[in-house]
4 protein chains.
Amino acid sequence: MAKGLKSESGAESASRTKPGRTARPKFRRRAKARPDEVLDAALDLFMEKGFAATRVEDVAQRAGISKGTIYLYFPSKEALMEGLIHRALSPIALKAVNTIEMLNVDPRTILKALGGMVGKQLSDPRVVAIPKLVIRESANFPELAAMYRREVIDKAMPSLIKLIERQVRSGRFRPVDPELAVRSMIGPIAIHLLLDEVFGIVPEGGLQMDKFIANHIDILFNGLSATPEQEHE
Amino acid sequence: MAKGLKSESGAESASRTKPGRTARPKFRRRAKARPDEVLDAALDLFMEKGFAATRVEDVAQRAGISKGTIYLYFPSKEALMEGLIHRALSPIALKAVNTIEMLNVDPRTILKALGGMVGKQLSDPRVVAIPKLVIRESANFPELAAMYRREVIDKAMPSLIKLIERQVRSGRFRPVDPELAVRSMIGPIAIHLLLDEVFGIVPEGGLQMDKFIANHIDILFNGLSATPEQEHE
Amino acid sequence: MAKGLKSESGAESASRTKPGRTARPKFRRRAKARPDEVLDAALDLFMEKGFAATRVEDVAQRAGISKGTIYLYFPSKEALMEGLIHRALSPIALKAVNTIEMLNVDPRTILKALGGMVGKQLSDPRVVAIPKLVIRESANFPELAAMYRREVIDKAMPSLIKLIERQVRSGRFRPVDPELAVRSMIGPIAIHLLLDEVFGIVPEGGLQMDKFIANHIDILFNGLSATPEQEHE
Amino acid sequence: MAKGLKSESGAESASRTKPGRTARPKFRRRAKARPDEVLDAALDLFMEKGFAATRVEDVAQRAGISKGTIYLYFPSKEALMEGLIHRALSPIALKAVNTIEMLNVDPRTILKALGGMVGKQLSDPRVVAIPKLVIRESANFPELAAMYRREVIDKAMPSLIKLIERQVRSGRFRPVDPELAVRSMIGPIAIHLLLDEVFGIVPEGGLQMDKFIANHIDILFNGLSATPEQEHE
DNA sequence: AATGAATGAGACTTCATTCAT
DNA sequence: CATGAATGAAGTCTCATTCAT
């Protein structure tokens, strides 16, 4: 459905078959940036069509090189996937979390700062792409999912849980289950992106990551209820 | 080594073949149930390995029939996918939502009821499987994603939005952006499932969908903050 | 995935390329003789061009089937090679040797009988092909060479050695080194075939396996020297 | 055929490249030896894995140079093969045979001398490698097999045949068929090597080429039979 | 209706060869 | 002279789909 010809424009008009052996568009670049360029191309395509539906040749073409060249830098198609995750994980630099963890100030301030950072990060398609890819291909690359979990989730989640625990203990948060509360904290952000990326559903006025996060934090802290005297159930 | 011929014997010579055929080794199921059994098998496998990595023969095998028979009921592999979504969508019966929509009672009561239903539904792996599949394969089956959106999301979301709008208007909810607030409402449920399905991350004590939803609704209504006199910021 | 609609119809109009979908030269034979036919084809081609230079498609073509069908019976190209050797080894039936081994009669009679058998066997190209193949590809298929050695050589050589030993002990043979003498016995046959197969060198009048073996046995028993009273060296 | 080396020579003209170039990080071997080193490497590898399974890069690596450099001396991979045979054939110097041919002395002396030479030659792996290679790759390089035949076999065999003929005529050899008798003469040597190289079968105590050849010549002259008064069949 | 043998387009990967540096 | 990055033809293998039985 709707894939149709490769139809890269169709402007070639005349030209016809052999685009001319005369033209020598062979680039001979020094290899150095190559692996990264290849990964960039791969990421684009894996996101666009999924790992399985992307041909190595597609990646090559998008990277502006030939099929064989890919194999100069990556031993297999799978290695592209792995390289992608590895590259993204190295500088994960979620020191933000660590930092946050140490702060002992007003949680609202902390979360607002954290929300701002996360919001900024997630506004970069390149960044969202990685977890999205991991989720999508997790069944075929359980190792990668595990690694992502180890490197990212298992680092971030406990920090947040501890943050909540501390606030509960200090009486600044109501006595909620920290492990479940975390989900109330991060879930909305995930669904916000998901609705956009998968279904093209965006609130009026665009994604507005910042505004959305602010709105969410507000609800998170104050709840939806208008009256302070909530039932104690 | 020694893979060699598959040729199991070759001695069958006479015996078999022709007449008698009294013995019918396989019970023929009612042909009526076939398509459904095929879809069940397909769903299992698509979830397990993804659409691309699942071979039609795998589906046949799991359904207990032969490869060719699949094509008696479905014209192509893609049709399996489509059939899967169609089957799931028909009885989507989210009239629950509609019902909810009409109620004009205390929102907490509404959401609790709704939460209970959703929680029950989502405890059935068969049910979660569909949206998960749609999400995973959305890039390759944009039509299906669109259909899912049309049939499910575009029906549920507006209902919830309206619900919130009404509560805000009536003063029972603080003045939040309804469109964004919905995300705060449903996101946590999504992440709860996602963490489980993709990364195998489950809170201590299991998924506990019910408990989790209750916890979430509590936070949603009352917020995390302990003191009612929130900053006026 | 994503081949697009099947119906690339539209194009039928101007015929063109596609050599006619009308012609239906599809053979639909019952699978049973297939593996053997495939091996026959493979043997031909491996002999003709070597394993590496033979494409699976070549084998298929010669067997009158399609590329994919090969893989219905053999899991890989290497498996063809293995299947080939296995098939040849099963009925190796070198009981001839065993039989010979028991005889305790005049060695000349034994060898003549043996020579006759071997000569007959080796006149069949199908039979010579196997050791030739093993020799040629031994570097790439050490397992197969080892197996051939185990199944054939290690069975035949000791028999011959024992035969010679016994004759020496009984005084009918001069005191030669049996292990080396075997080589004087079988070597000429090997070179006879080798000269033919590799270099196309054939004695005047053709291979004449029988005549050659007779001539060789004569020399083997009587030596080249004309007079019994050889130089006194 | 006969592409062979790209005419090493001619190029020497302008001596070295530029002038200065004081710092030479790597010791440049005399470029003169290069082609030979490449051929040495190629021979090793072709013997080890066969022509097809040897990559040009492997050859380069073993020769301690880069892939591209190979093509400075040989226009193609095939040319390596050809160069190999050519190099081996030039000094084939089987004048030994010629020499032998003239001798008109006692054949036993002749053969012993000849056997000694051949035995010495064949103890050098580098020497045996060539015919082995020719045999192995004869199907893919018929030209080379033909050349080898022309240059080696067609020179050696007739000499031996004539030698036998003369001895038969002079009454020193029994009336055997010279053409076939040659095979009885050289075959054992071939099988001796073959058993070793292909199947790793060696007599107790090692190859012992000398001892083996002596043993063989003994059998050849005197036959296996112990009694001089052989049956006249 | 059901089967599974057969097909062949297409994908991944290798490697001989070229050529800018 | 040398290098090794780059290329792309070609080969192995897979699998959706067809169809005779």
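All chains are named by letter (A, B, ...) in the order of the sequence lines, taking the proteins before the strands, and each is independently numbered beginning at 1.
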(request) For V56(B) and for A52(C), locate the closest nucleotide of DNA chain F by heavy-atom distance; then report the residue assigned to the nucleotide nearer the 5' terminus. (result) A52(C)
(request) Give, for atom CD1 of I70(A) and atom CG of L39(A), the distance between the pair rounded to the nearest 0.5 Å. (result) 9.0 Å
(request) Provide, to the nearest angstrom, the distance between the CG atom belonging to L80(A) and the C1' atom belonging to dA11(E). (result) 14 Å
(message) From C-beta outward on T69(B), which listed nucleotide comes closest to its side chain: dA2(E), dC13(F), dA6(E)?
(response) dA2(E)
(request) Using ring pair (Phe, Tyr, Trp, His ring centres under 6.0 Å) as the criterion, list what pairs up with F141(C), not counting sequence neighbours. (result) F51(C)
(message) Just so I know, are the side chains of L72(A) and T69(A) near enough to count as touching, which here means a heavy-atom distance under 4.5 Å?
(response) yes
(message) Just the rounded figure in Å: distance from C1' of dA16(E) to CZ of F74(D).
(response) 16 Å
(request) Go through the structure and list residues passing side-chain contact (heavy atoms from CB on, under 4.5 Å) with A139(A), not counting sequence neighbours. (result) R136(B)
(request) Take the protein atom CG of D58(D) and the nucleotide atom C1' of dT17(E), then report the distance between them rounded to whole Å. (result) 15 Å
(message) Tell me the interatomic distance from Q61(D), atom CD, to dA2(F), atom P, rounded to whole angstroms.
(response) 18 Å
(message) Just to be sure I follow the notation: if a pair is Watson-Crick (purine N1 to pyrimidine N3 plus N6-O4 or O6-N4) or a G-U wobble (N1-O2 and O6-N3), each under 3.5 Å, what dot-bracket string does DNA chain E give, with | for pairs to another strand?
(response) .||||||||||||||||||||
(request) Kindly indicate whether the side chain of K77(A) and the base of dT13(E) share any N or O donor-acceptor pair separated by less than 3.5 Å? (result) no
(message) Taking only side-chain N and O atoms of Y71(C), does any of them lie within less than 4.0 angstrom of OP1 or OP2 on dC15(F)?
(response) no
(message) For a quick test of reading the model: is some side-chain N or O of R34(B) closer than 4.0 Å to OP1 or OP2 of dA1(E)?
(response) no
(request) Quick one: list whatever passes salt bridge (Lys or Arg N to Asp or Glu O under 4.0 Å) with E82(A), sequence neighbours left out. (result) none
(message) Rounded to whole Å, please give me the gap between CD in E78(B) and P in dC15(F).
(response) 17 Å
(request) Taking only the side-chain heavy atoms of I65(B) (C-beta and beyond), determine which of dA2(E), dA9(F), dT3(E) contains the nearest atom. (result) dT3(E)
(request) For F74(A), enumerate each residue passing the ring pair (Phe, Tyr, Trp, His ring centres under 6.0 Å) test, keeping only those at least two apart in sequence or located in another chain. (result) none
(message) Holding to side-chain contact (heavy atoms from CB on, under 4.5 Å), I want the full list of residues that pass it with T54(D), two or more places apart in sequence or in another chain.
(response) L45(D), F46(D), K49(D), D58(D), V59(D)
(request) Tell me which of L72(B) and T54(A) sits closer to the 5' end of DNA chain E, going by the nucleotide each one is nearest to. (result) L72(B)
(message) Rounding to an integer number of Å, can you tell me how far I70(B) CD1 sits from dT18(F) C1'?
(response) 15 Å
(message) If I take atom CD in residue E57(A) and atom P in nucleotide dG11(F), what distance separates them, rounded to the nearest angstrom?
(response) 17 Å
(message) Looking at Y73(C), I'd like to know whether one of its side-chain N or O atoms comes within less than 4.0 Å of OP1 or OP2 on dA5(E).
(response) no
(request) Please determine, for the side chain of R55(A), which listed nucleotide (dA11(E), dA6(F), dT17(F)) has the closest atom? (result) dA11(E)
(message) I want to confirm an ordering. Mapping K67(A) and K67(B) to their closest nucleotides on DNA chain E, which one lands closer to the 5' end?
(response) K67(B)
